[in-house]
Amino acid sequence: MSELSKAYEPQAVEDKWYGFWEQQGCFTADPQATKAAFSIVIPPPNVTGMLHMGHVLNTTIQDILARKARMDGKEVLWLPGTDHAGIATQAVVEKALRKQGLMKHRDDLGREKFLEHVWAWKEKHGGIIIQQLKKLGCSCDWSRERFTMDPEYSRCVQMVFVELYRKGLIYRGKRMVNWDPAARTALSDEEVEMVEEKGHLWHLKYPLLDQNGQPKAGEFVVVATTRPETMLGDEAVAVNPNDPRYTRLVGRRCLLPLQNKVIPVIADEFVDPKFGTGCVKVTPSHDPNDYEMAVRHNLPFPVVIGPDGSMTKEAGEDFDGMDRMEARQAVIEELTEQRLLLKTEDYVHNVGYSQRSHVPVEPYLSEQWFLKYPSAALSASAVEEGKIAFHPERWTKTYSHWMGNLRDWCISRQLWWGHRVPVWYSKKTSGSEAAKVWCDVNPPPDPENWQQDPDVLDTWFSSWLWPFATMGWPGRTDTLKKFYPTSDLVTGPDIIFFWVARMIMAGYEFMGDLPFRNVYFTGIIRDKLGRKMSKSLGNSPDPLELIAKYGADALRFGTMRSAPLGQDVLFDEKDVELGRNFCNKLWNACRFRQLQGGEVQGEIAPALLSGYDKWILLKLDQAIHDITAAFAEYKFNEATQTLYRFFWSEYCDWYVEASKAVLTRPVEALHRESIETDRGAASTHEIAARRANTLAVLDFVLSHTLRLFHPFLPFITEELWQGMGYSRDMPENQGGKTIMFAPWPKPLEEDFRGHYGLDACDGRKVDAKFELVTQGRNLRREANLPASKKVKFVLKPAGAIPAHDVEVLRLLLNAEAVDVDPDFQPGKGTPGVHSEIGDLYLPLEGLVDVAAEKARLTKELEKIEAEIAKVQQKLNNPNFTGKAPAHVLQEHQQRLAEWQAKRARVIEALDRLK
RNA sequence: GCGCGCUUAGCUCAGUGGAAGAGCACUUCCUUCACACGGAAGGGGCCGCAGGUUCAAGUCCUGCAGCGCGCACCA
């Protein structure tokens, strides 16, 4: 390939490779493949949505899983698509249409016209997010992209409705539901968010009436309420039958102020005597508990708050048409004037808000469709018994709790954008009740005699079918046979009830099998101050801008590196910067290899491996091991951190630097060096072979590393894989020689390690050399010698030391020379460090500061003594020596010996200063 | 009220039974021929508090405190 540029420029390569992968069909899943299947269905983003950081986290994890599975040799289906997102989309379109002045309320346009606008909107804005996912590198099978309102998908939704209706699990009824006055629709319980609010508890006085129906002076029943405006619809005052304060009032009547309506005092167990005044105003139509009480006591149900949240005629002339919040004020003012407001207390309570429109939810009595959840018991046990594994596992508890308290699901919505309820009502007045309702995927044969139910279904009533409705259900398609149940689901815990639980139930009910085997719950992405990301706070960075600035790989890597399994992520742009820096490091490490010239090297020759070579191969082996283990536990942050450390600290900082002793010096120098070794003079040919072997190790490590990084950094790894020529020996397959299908590195097998003599290699010996280098650099630092100044070190070796090792030392120390002198007698105060390799001195001409050197050594000695004391304390404990396992004991003894040896060397050096 | 999570270096966080870690920030030095999106050295921790289990506890158990998040019909 052409020479790599000095810095990695992601913009230049990302689109190129994404296009290549798509063109080669790398993402396309083949149901006929003999390979084992791996499948994920994407949590469908809102069709008109924009990519945000939550998507980045979520889809990056899925992409990592998919890419890893491909490298593991599996046939992968990552099925993408979008959700019609009923309320959300309809609200967005309504807002836009109002802004354009095309309507005030959707009724102005009418259903058909309005839906045309929504579809137009969908055509225009839908699919933006798909393009954004491609930018991120998502390897979805786009040929199978689905939308929850595709005709085939809609048919699935209808079929499911009809089937459940016929089973008696779906029914229609007049119930108290959560009503969103802004969207003017019913909501499910899950769509209501409880928000703690500072409000008031108003104590209202209702005049008691005597037997003649006349107010008795000074006699009142006092009720406490947080919602005084609802009093206009009161039908009773309730007390606890066992409350001695009020038993005498039961059966009496009182006058409802403002309405001048006579209402009874009733007794109901529901009332808690300890709360408020012990008397509860009963508003049958606007409070769920009051509704229950009203049913028990046969009270009327006057509706004083309408579907749009404004007061109705029944609220009285003075209040008709007022907004409920205005009415609250007005009622309070009026009651105050009439001296019927006893007192106002500050009161903190929870108010239900619509998750979508962020307005307080109104309990509202209306005709709705409900579902009794199917296959609930089976679904609950599937998770509890681990057939479906949650990661992290703790979410099973949340799931179980919800499954154990299932309440019927209100599935109808008074919207237009969505799947229409497949039910028609006969216009004829005669005939049996059953004959008046037509429920079928097809309209009745004589449609002119029927009226279709106006409602649409909750969006989640289509999403819960996603894992199989996207794969061709109800047909027994090859795709379903191959890829259902899916392998993993990646989603947020906030939709565990909305989606995960319901998909499990749908899976069992309609497929007779679980929909997925593993569920990975991500955390929530927050800003660096820990706040949720939101448009209003403006703290939500645009992922596309980040991609443009740093590259998609950088964004992916930075996000994954700071996202531990199931914990919230405090996102900081610094994380992406880190990712960008890392990509650049990877790039330049490959560039270094490229600048050494030569073809990609093949087999490593075991006989020519140096200790350093073996050292890095062992570290690589360990890294492969750790990363593979991290993958198995979905610990991607551990995987990235391990990779980062291995590559940057171990490979680049140490191995590459050490390899320069072989690679970047002239052959003559190596030749001279080899004459001094015990192997004797090496021929030029042998030296070339050694050099080639070092290149082979570089190639080996890099080609493994690129593969290990590929799931996280798909673009740069492909660019380098191709550019470096590592695809050379790969077989041609569906994607050509892409890294996407390169085999995932396996830990080096025992025979492999034997082959390369890796077990014989004493990694610790290399560690000791590197440690000596660090100490030597420290010497220079402590002596205040600027890094630019060339210095000479003297090494008094503890044993024979090959000339090549000395050269490595010299290079790593950035020294002019390291003179080896077994008989070196350091001058008094010459700074030196003392290791098992030998003593390393930094002779300073005329600048010896005995006191400074003494201080330095004394400080070091203190450190050593502390370590020795710690180990010795344990070893002196007979309980420890008696009970600790042998290997732990041995380790401690060895450690003690090492520290003691160090101590001896330092004491010796100190003695020479006397 | 019930449940869950968090509390480790200035900041953000890893680390589930055997020598306290990373990134960022900080101090000092270095434009040395892969990389200044870089290199080198360094400073900085009663691992929230109190008990307990254990030869051994940041790690397991029990309390407590603070923060956060779910669930729950108290007007």
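Protein chains get the first letters and strands the later ones, always in sequence-line order, with residue 1 at the start of each. Computed from a prediction, not measured in an experiment: that's the story for all the values here. Note: hydrogens, waters and symmetry copies are ignored here, and every other heavy atom, side chains too, is used.
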**Study point:** Sidechain N-carboxylate O distance under 4.0 Å for A:Asp575, A:Arg561
**Key:** no

Point to revise | Complement of B:U7, any strand, by Watson-Crick or G-U distances under 3.5 angstrom | key: B:A65

**Study point:** Base partner of B:G1, which must satisfy Watson-Crick or wobble distances under 3.5 Å
**Key:** B:C71

Practice item. Looking only at side-chain atoms of A:Lys870, point me to the closest of B:A19, B:G23, B:C35. Key: B:A19

**Study point:** Euclidean distance for P, B:G23 against B:G42 (whole angstrom)
**Key:** 14 Å

Revision key, fill the gap. Atom CG of A:Asn581 and atom C1' of B:C35 are separated, to the nearest Å, by 10 Å

Revision key, fill the gap. Rounded to whole Å, the CZ-P distance (A:Arg856 to B:A41) equals 15 Å

Study note, to complete from the structure: In Watson-Crick or G-U wobble terms, with both distances under 3.5 Å, the base opposite B:C60 is B:G52

Check your understanding: Any chance the side chains of A:Glu384 and A:Ser400 put a donor and an acceptor closer than 3.5 Å?
Key -> yes

Practice item. Scan A:Cys590 against the nucleic acid and name what it touches under 4.0 Å (heavy atoms): base, sugar-phosphate only, or nothing. Key: nothing

Check your understanding: Would you say the side-chain atoms of A:Glu657 and A:Tyr651 include a donor-acceptor pair closer than 3.5 Å?
Key -> no

Revision key, fill the gap. From CG of A:Leu702 across to C1' of B:A34 the rounded distance in Å is 11 Å

Exercise for review: For B:A40, take OP1 and OP2 only and decide whether either is under 4.0 Å from a side-chain N or O of A:Arg781.
Suggested key: no

Practice item. Scan A:Asn289 against the nucleic acid and name what it touches under 4.0 Å (heavy atoms): base, sugar-phosphate only, or nothing. Key: base

Check your understanding: Does NZ or CZ of A:Arg810 come closer than 6.0 Å to the centre of the six-membered ring of A:Phe793, within 45° of the ring's axis?
Key -> no

Review point. Does the B:C4 base have a donor-acceptor partner in the side chain of A:Arg394 within less than 3.5 Å?
Key: no

Review point. What distance, rounded to whole Å, do you find between the two C1' atoms, one in B:G45 and one in B:A40?
Key: 24 Å

Check your understanding: Between A:Asp494 (CG) and B:G70 (C1'), how many Å, whole number?
Key -> 11 Å

Exercise for review: Indicate yes or no: does A:Arg895 engage A:Glu891 in a salt bridge with an N to O separation below 4.0 Å.
Suggested key: yes

Revision key, fill the gap. Assert: residue with more 5' nearest nucleotide on RNA chain B, out of A:Phe592 and A:Leu201, is A:Phe592

Practice item. Pick base, sugar-phosphate or nothing for A:Lys660, based on heavy-atom distances below 4.0 Å to the nucleic acid. Key: base

Revision key, fill the gap. Against the side chain of A:Trp899, the closest entry in B:A75, B:A19, B:A34 is B:A19

Exercise for review: Looking at every strand, decide which applies to A:Trp648 at a 4.0 Å heavy-atom threshold: base, sugar-phosphate, or nothing.
Suggested key: sugar-phosphate

Check your understanding: Does B:A40 have a Watson-Crick or wobble partner in any strand here, with both distances under 3.5 angstrom, and which is it?
Key -> B:U28

**Study point:** Whole-Å gap separating P (B:G38) and CG (A:Leu586)
**Key:** 13 Å

Practice item. Using atom CD1 of A:Ile266 as one end and atom C1' of B:A75 as the other, report the distance to the nearest whole Å. Key: 13 Å

Practice item. Name the nucleic acid region contacted by A:His892, choosing base, sugar-phosphate or nothing; use a 4.0 angstrom heavy-atom cut-off, strictly under. Key: sugar-phosphate

Check your understanding: Reckon A:Asn350 touches a base, only the sugar-phosphate, or nothing at all at heavy-atom distances under 4.0 Å?
Key -> base

Check your understanding: Of all the nucleotides listed (B:C55, B:A34, B:C37), which has the minimum atom distance to the side chain of A:Asn588?
Key -> B:A34

**Study point:** Minimum-distance nucleotide (side-chain atoms of A:Asn814 versus B:U32, B:C37, B:A75)
**Key:** B:U32

Exercise for review: Answer yes or no: is there an ion pair linking A:Glu362 with A:Arg227, defined by an N-O contact shorter than 4.0 Å?
Suggested key: yes

Practice item. Inspect the contact between A:Lys902 and A:Glu771 and indicate whether a charged nitrogen and a carboxylate oxygen are less than 4.0 angstrom apart. Key: yes

**Study point:** Integer angstrom distance from the P of B:G17 to that of B:G68
**Key:** 31 Å

Review point. In whole Å, what separates the P atom of B:G5 from that of B:C46?
Key: 27 Å

Check your understanding: Quick one: is A:Tyr8 getting a side-chain N or O under 4.0 Å of the B:A34 phosphate, OP1 or OP2?
Key -> no

Check your understanding: How far does the P atom of B:G66 sit from the matching atom of B:A41, given to the nearest Å?
Key -> 45 Å

Check your understanding: Counting any heavy atom closer than 4.0 Å, what does A:Arg895 reach on the DNA or RNA strands: base, sugar-phosphate only, or nothing?
Key -> base

Check your understanding: Can a donor-acceptor pair under 3.5 Å be found between the side-chain atoms of A:Lys6 and the base atoms of B:C35?
Key -> no

Practice item. Check every strand shown and say whether A:Phe270 touches a base, only sugar-phosphate, or nothing at a heavy-atom separation below 4.0 Å. Key: base

Practice item. Name the pairing partner of B:G45, where a pair is Watson-Crick or G-U wobble with both distances under 3.5 Å, or state none. Key: none

Check your understanding: Quick one: is B:A72 close enough that its OP1 or OP2 comes under 4.0 Å of any side-chain N or O from A:Arg407?
Key -> yes

Exercise for review: Quick one: label A:Thr774 by what it contacts on the DNA or RNA (base, sugar-phosphate, nothing), any heavy atom closer than 4.0 Å.
Suggested key: sugar-phosphate

Practice item. Please work out if A:Asp272 contacts a base, only the sugar-phosphate, or nothing of the nucleic acid, heavy-atom cut-off 4.0 Å. Key: base

Point to revise | Nearest-nucleotide pick for A:Val888, side chain only, options being B:C74, B:G23, B:G18 | key: B:G18

Practice item. Taking A:Thr283 for its side chain and A:Ser285 for its backbone only, find out whether a donor-acceptor pair lies under 3.5 Å. Key: no

Practice item. Please work out if A:Pro885 contacts a base, only the sugar-phosphate, or nothing of the nucleic acid, heavy-atom cut-off 4.0 Å. Key: base

Review point. Hey, does the side-chain of A:Glu657 have a donor or acceptor N/O within less than 3.5 Å of a partner on the base of B:A40?
Key: no

Check your understanding: Does one side chain, of A:His200 or A:Glu345, offer a donor that lies under 3.5 Å from an acceptor on the other?
Key -> no

**Study point:** Partner nucleotide of B:A22 by Watson-Crick or wobble geometry (both distances under 3.5 Å)
**Key:** B:U12

Exercise for review: Check every strand shown and say whether A:Arg561 touches a base, only sugar-phosphate, or nothing at a heavy-atom separation below 4.0 Å.
Suggested key: sugar-phosphate

Point to revise | Spacing of the C1' atoms in B:U16 and B:U54 (rounded, Å) | key: 15 Å

Practice item. Using a 4.0 Å heavy-atom cut-off across all strands, classify A:Tyr399 as base, sugar-phosphate, or nothing. Key: nothing

Check your understanding: B:C73 C1' sits how many Å from A:Glu269 CD, rounded?
Key -> 16 Å

Review point. Which sits closer to the 5' end of RNA chain B, A:Lys397 or A:Val871, going by the nucleotide each is nearest to?
Key: A:Lys397

Point to revise | Nucleotide B:A75, atom C1' - distance to CD of A:Glu292 in whole Å | key: 15 Å

